[in-house]
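Each remark here refers to the structure printed beneath this line.
Residue numbers start from 1 in every chain, and the chains themselves are labelled A, B, ... in the order their sequence lines are given, proteins ahead of strands.
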Number of protein chains: 2
Amino acid sequence: MPYRRPPAVQARLDARRDHVLEAAVRLLSREGYGGCSVAAIAAEAGISTGSVYQSFAGKSELAAALFRTLVARELEAVAACADLPGTAAHRVAAAVEIFASRALQAPRRAFALLAEPADPAVDTERLVFRRAFRDVYAAQIAAGVASGELPPQSPELTAAALVGAIAEALVGPLADGDADPGEVIPGLITFTLRALGGHDAADA
Amino acid sequence: MPYRRPPAVQARLDARRDHVLEAAVRLLSREGYGGCSVAAIAAEAGISTGSVYQSFAGKSELAAALFRTLVARELEAVAACADLPGTAAHRVAAAVEIFASRALQAPRRAFALLAEPADPAVDTERLVFRRAFRDVYAAQIAAGVASGELPPQSPELTAAALVGAIAEALVGPLADGDADPGEVIPGLITFTLRALGGHDAADA
DNA sequence: GTCTATATTAAGATAGAC
DNA sequence: GTCTATCTTAATATAGAC
């Protein structure tokens with residue numbers, strides 16, 4: 001039987017880890033990954049650099065955990081659209097709108113997560129999560145194809161293409177900072193509906 | 001008047017630089033960016049590590065130059081589709097096909113350039129070149145919109161979305177290595193034509 | 001358990017011999 | 001002009017004091 005820490009001890013460890021992660025989130029939101037050295041995160045958390053290593057094996061693990069923490073929330077928000085009423089196309093469009101509007105509300109952070117040059121460990125997480133987003137979209141698309149609402153297509157391919165399209169369409173406005181985001185979301189939704197091949201694209 | 005090296009000297013420097021870059025291309029095609037340490041590139045080129053610094057300011061510059069060298073060719077191939085006859089949608093579809101087929105012919109290298117975790121300097125070049133691809137597509141789309149062939153839309157947004165879609169749709173098959181690429185290109189072209197909003201998507 | 005101050009270390013970069 | 005061997009350095013990671 002494996003050793004387990006007493007619950008109170010484990011809770012302390014978790015709390016400290018969360019504390020560090022929250023500091024990292026603040027730093028990422030302000031300065032992107034460029035500002036997320038171990039020393040800077042420790043300072044933001046109000047602890048010493050050495051203490052960071054009580055919770056994380058190293059800088060790469062911290063950067064990856066930070067990414068997973070934030071992007072898992074986005075994935076959850078997008079996945080929740082699976083339960084909405086309406087057609088598959090509308091559910092996908094709703095997911096796109098949710099994703100894009102959340103990104104535009106925290107542009108610096110969204111750019112950091114989507115595209116900022118960063119530790120290769122972050123790139124690796126990007127690949128993992130993009131695949132997870134793809135799977136969420138693919139399930140909806142597969143349902144639409146099965147019901148005859150959408151034309152025959154590979155759900156995985158269309159879903160992957162959509163994930164890339166959404167990300168890249170946001171990168172420009174997010175990076176520029178000043179681009180009027182008002183037109184981005186409607187444009188993205190129209191793009192999405194057309195790409196799915198439903199016949200209601202013009203209605204969006 | 002600025003100093004200029006004698007032509008013969010400059011030619012030698014250029015030749016050595018090209019020699020190093022060609023070695024890096026071979027290494028990248030075999031092992032991706034993971035295999036492209038300065039020492040490994042020097043060994044592949046048959047020179048010492050020190051000599052690499054006669055041609056490149058450092059590892060990041062070399063990695064970035066390697067990226068630019070290879071991706072500039074792809075950009076050129078895609079841009080050449082602007083001169084094809086036919087509708088804007090068909091020109092865009094041709095560009096997508098060219099890009100995807102070239103990637104699938106050198107999958108390891110294409111994955112390295114598109115998505116492999118790498119030096120942040122490479123990520124920076126990715127952002128630059130994705131914008132350049134976007135501009136090439138945007139010009140075609142703008143022409144299609146102006147002629148009435150395509151419905152009103154932001155050419156930059158659609159073009160950026162397409163660039164992301166193409167890249168992400170290829171990442172999966174390229175990373176898996178074994179996925180049947182036979183269905184990828186037709187699927188991508190259908191996706192593209194639908195997303196543009198022309199009325200000939202089903203004809204592709 | 002947390003801090004300070006130090007050590008590591010793995011590439012990358014360079015200097016000097018040939 | 002090129003190589004070998006050395007050195008730097010910028011963090012990261014750790015050890016030991018409190």
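- In this structure, a donor-acceptor pair under 3.5 Å is absent between the side chains of A/Arg17 and A/Ser55.
- For B/Tyr53 and C/dA11, the OH to P distance is 12 Å, given to the nearest whole Å.
- Whole-Å rounding puts the A/Gln54 CD to D/dT14 P distance at 11 Å.
- Regarding A/Ile47, its CD1 atom lies at a distance of 15 Å from the P atom of D/dT14, rounded to whole Å.
- The residue among B/Thr49 and A/Ala39 whose nearest nucleotide of DNA chain D is located toward the 5' end is B/Thr49.
- Between A/Arg131 and B/Asp176 a salt bridge is recorded (basic side-chain N to carboxylate O distance below 4.0 Å).
- Comparing B/Gly50 and B/Leu13 by the nucleotide of DNA chain D that holds the closest heavy atom to each, the one mapping nearer the 5' end is B/Leu13.
- D/dA11 atom P lies 13 Å from atom CG of A/Asp119, rounded to whole Å.
- Judged by distance alone, the side chain of B/Thr192 and the main-chain N or O of B/Leu188 form a donor-acceptor pair under 3.5 Å.
- Across the protein-nucleic acid pair, A/Ile41 atom CD1 and D/dA11 atom C1' stand 13 Å apart, rounded to whole Å.
- Here the side chain of B/Ser51 is nearest to one of D/dC3, C/dT2, D/dT12, namely D/dC3.
- At whole-Å resolution of the value, NZ in B/Lys59 and P in C/dA10 are 15 Å apart.
- When each of C/dT4, D/dT4, D/dT12 is scored by its nearest atom to the side-chain atoms of A/Ser37, the top-ranked nucleotide is D/dT12.
- Side-chain atoms of B/Glu116 come within 3.5 Å of backbone atoms of B/Gly34 as a donor-acceptor pair (strictly under, hydrogens ignored).
- For the pair B/Phe56 CZ and C/dT14 P, the computed distance is 15 Å after rounding to whole Å.
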